[in-house]
Amino acid sequence: EFRRVLFRSSNELVNNPYSLLEYADLFITMLNSMTAAGYTFNNLIVAANIKMVINKERKWYRIKSTRKLYHVERDER
């Protein structure tokens, strides 16, 4: 169930990308979901730091027409 709520909240943010309240809503929903999955806020901070290390090591490219940034795929499991 929490995945559905996360999906719905993320869609609302996609439809309102400049709404700070939608960012807050998604953040709250994510915290509730990760708690339901057995994680703590501290777990999230540690995982975010690990993910930043991974992201800094990746090669990135930008699609000129859309200006979107993507990373070159690699297995991180």
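Fair warning: this is a prediction, and the values are worked out from it, not measured in the lab.
Other cluster members for Leu69: Trp60, joined by side-chain heavy-atom distances under 4.5 Å among Ile, Leu, Val, Met, Phe, Trp and Tyr.
For the atom pair CD of Glu22 and CG of Asn16, the computed distance is 5.0 Å after rounding to the nearest 0.5 Å. If you take OG1 on Thr29 and CZ on Arg4, they are separated by 14.0 Å, rounding to the nearest 0.5 Å. Rounded to the nearest 0.5 Å, atoms CZ (Phe7) and CG (Leu26) are 12.0 Å apart. In this structure, the separation between OH on Tyr23 and CG on Leu13 is 5.0 Å, given to the nearest 0.5 Å. The line from CG of Leu44 to CG of Leu31 is 7.0 Å long, rounded to the nearest 0.5 Å. To the nearest 0.5 Å, atom CZ of residue Arg8 and atom CG of residue Asp25 are 9.5 Å apart.
Heavy atoms of other residues, nucleotides or ligands lying less than 6.0 angstrom from CZ of Arg62 number more than 12. By the neighbour-count criterion of 12 heavy atoms within 6.0 Å, atom OH of Tyr18 is sparsely surrounded, having that number or fewer from other residues, nucleotides or ligands.
Using a 4.5 Å cut-off between side-chain heavy atoms of Ile, Leu, Val, Met, Phe, Trp and Tyr, with links allowed through other members, Ile28 and Met34 fall into different hydrophobic clusters. Linking ILVMFWY residues whenever their side-chain heavy atoms come closer than 4.5 Å, directly or via other members, leaves Ile45 and Val53 in distinct clusters.
In terms of the side-chain contact (heavy atoms from CB on, under 4.5 Å) criterion, Lys64 has no residue partners (sequence neighbours excluded).
Within the 3.5 Å criterion, the main-chain N or O of Leu6 finds no donor-acceptor partner in the side chain of Ser9.
The side-chain contact (heavy atoms from CB on, under 4.5 Å) test with Val46 is passed by exactly one of Ile50, Asn49, Asn43: Ile50.
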Val5 vs Ser33, side chain to side chain contact (heavy atoms under 4.5 Å, CB included): CA-CA, chis, key distance, verdict: CA-CA 9 Å; Val5 175; Ser33 297; 5.6 Å; no
